[in-house]
Number of protein chains: 2
Amino acid sequence: MDKNVMFHKFVTFTAAVHQITNEMTKEVKLEGITPVQYKILEYIAVSQPITLSEISDCMHMSMPNTSRELRKLSEKKLCEKMTDEDDRRKQSIRLSEEGQAMMNEVFKHMESQFIERIAQVSEQELQEIEHALELLQRKVFY
Amino acid sequence: MDKNVMFHKFVTFTAAVHQITNEMTKEVKLEGITPVQYKILEYIAVSQPITLSEISDCMHMSMPNTSRELRKLSEKKLCEKMTDEDDRRKQSIRLSEEGQAMMNEVFKHMESQFIERIAQVSEQELQEIEHALELLQRKVFY
DNA sequence: CTCTTTTGTTATCAAATGATAATTAAAGGA
DNA sequence: TCCTTTAATTATCATTTGATAACAAAAGAG
């Protein structure tokens, strides 16, 4: 198997994933929240509990800027910071109930788009899709 | 097949894709180019030729802002705009040679990371991965 | 007990980005 | 032809974001 060819398929694929997920969240209007803040919430939602430096690291944001945005999110009551009792330097961050509710709305909207998208797919193909998702996550996107 | 369960796997999967592709471009230092401009270049790279409104649409950016960023990219000689001869309102946009060279560098870096990532995967598994990428792109991320 | 490293914060400033209004030019329909 | 729509541009302004320096507190190493 030519790994260059594989890589090309990889690039095309990841581009498609970005494009489709972008489309799925397009119409969702997030009031009083900036794009970067939304991205952070999304990341917390799938990774909570999480520390500030992990967010900083993963989002390519400096610690000071991450800290500032998290303060804003806390002020908006969308997430909560707790000092980790094992290492009191660390902050354990999760969505607040309000933040969770907001993200649930977003996910609900995405889900309806997703269901639409796979509406005409047969039961057997669904199983293949599920298998493919798991395989790729295990072997490539781990 | 429970579509809620499917959706959950979908969300986890897309989150992983975002995270890994983020990581892969993390160390690449793009001089004299902003994050938004990079994203635009990346999009042009996989979709060229493309029009301004398509970029605007897909990137959730207003036309004026898209126009401004493309002007900056053109000034930096990273992309080229040509009026479409079939519809002279439209602009056909592609990477310049310089822009293409820049993105090639980025892709080269990503490729080495990708190769590393699949280094210990067997030939048969590679074929399965290739098949999975194609299946998902055809059935879900189209 | 010092010294260093890790984790996070506050403050500040320039630059990038988002939003909006007004304008131009081409295309298309009646 | 006139009117409307589409594609793109220019200009402007407030807000967000990125970068940096200086600092504090906890953990860890010697």
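Order of the sequence lines fixes the chain letters, A, B, ..., with proteins taken first and strands second; residue numbering starts at 1 for each chain.
Counting heavy atoms from C-beta outward, A:Thr83 and A:Ser92 have side chains that stay 4.5 Å or more apart. By the 4.5 Å heavy-atom criterion applied to side chains, A:Met82 and A:Gln91 are not counted as neighbours. Counting heavy atoms from C-beta on, the side chains of B:Gln19 and A:Phe141 never come closer than 4.5 Å.
For A:Met63 and D:dC23, the CE to P distance is 18 Å, given to the nearest whole Å. Here C:dT7 presents its C1' atom at 12 Å from CG of A:Asp57, a figure rounded to the nearest Å. Rounded to whole angstrom, the span from the CD atom of B:Gln91 across to the C1' atom of C:dA26 amounts to 12 Å. Atom NZ of B:Lys90 is separated from atom P of D:dT5 by 18 Å (rounded to the nearest Å). As rounded to whole Å, 15 Å separates atom C1' of D:dT9 from atom CD1 of B:Ile55. The CG-P distance, from B:Leu52 to C:dA26, rounds to 17 Å in whole Å. The interatomic distance linking A:Ile33 (CD1) with C:dA19 (C1') rounds to 18 Å, in whole Å. The separation between B:Asp86 atom CG and D:dT6 atom P is 19 Å, rounded to whole Å.
Tested against B:Met24 for a side-chain contact (heavy atoms from CB on, under 4.5 Å), the candidates B:His109, B:Glu116, B:Met110 yield a single pass: B:Met110.
Ring geometry for A:Phe7 against B:Phe107 counts as perpendicular: the plane angle is over 60°, on a 0 to 90° scale with 30° as the lower cut.
In this structure, B:Cys79 SG and B:Ile55 CD1 are separated by 7.5 Å, a value rounded to the nearest 0.5 Å.
A:Ser56 comes within 4.0 angstrom of no nucleic acid atom, judged by non-hydrogen atoms across all strands.
In this model, no donor atom of one side chain and acceptor atom of the other lie less than 3.5 Å apart for B:Gln100 and B:Glu105.
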Check against side chain to side chain contact (heavy atoms under 4.5 Å, CB included), A:Val46 and B:Thr12: CA-CA 7 Å; A:Val46 300; B:Thr12 316; over 6 Å; no
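Contacts between residues 39-50 of chain A and DNA chain C, defined by a heavy-atom separation under 4.0 Å, are absent. Residues from residues 64-84 of chain B that place a heavy atom under 4.0 Å from any atom of DNA chain C, listed by number: B:Pro64, B:Asn65, B:Arg68, B:Glu69.
Between A:Glu134 and A:Arg138 there is no salt bridge, since no side-chain N of the basic residue sits under 4.0 Å from a carboxylate O of the acidic one. A salt bridge links A:Glu69 to A:Lys72: at least one charged side-chain nitrogen sits closer than 4.0 Å to a carboxylate oxygen.
A:Tyr142 carries B:Arg117 over the face of its six-membered ring, with the cationic atom under 6.0 Å from the centre and within 45° of the normal.
Comparing C:dG18, C:dG8, D:dT6 by their nearest atom to the side chain of B:Arg89 picks out D:dT6. For B:Ser62, counting side-chain heavy atoms from C-beta on, the closest listed nucleotide (D:dA25, C:dA19, D:dA7) is C:dA19.
Along DNA chain C, the nucleotide nearest A:Thr51 and the nucleotide nearest A:Pro35 are compared for position; the residue whose nucleotide lies closer to the 5' end is A:Thr51. Between A:Asp87 and A:His60, the residue anchored closer to the 5' end of DNA chain D is A:His60, taking for each the nucleotide with the nearest heavy atom.
In terms of phosphate contacts, A:Thr34 brings a side-chain nitrogen or oxygen within less than 4.0 Å of OP1 or OP2 of D:dT17.
For the residue pair A:Ile118 and A:Leu126, the shortest heavy atom distance occurs at CD1-CD2, 3.8 Å.
Axis orientation changes by 40° from one end of the helix from C:dC1-D:dG30 to C:dA30-D:dT1 to the other, with each end axis drawn from 5 pairs and the value rounded to 10°.
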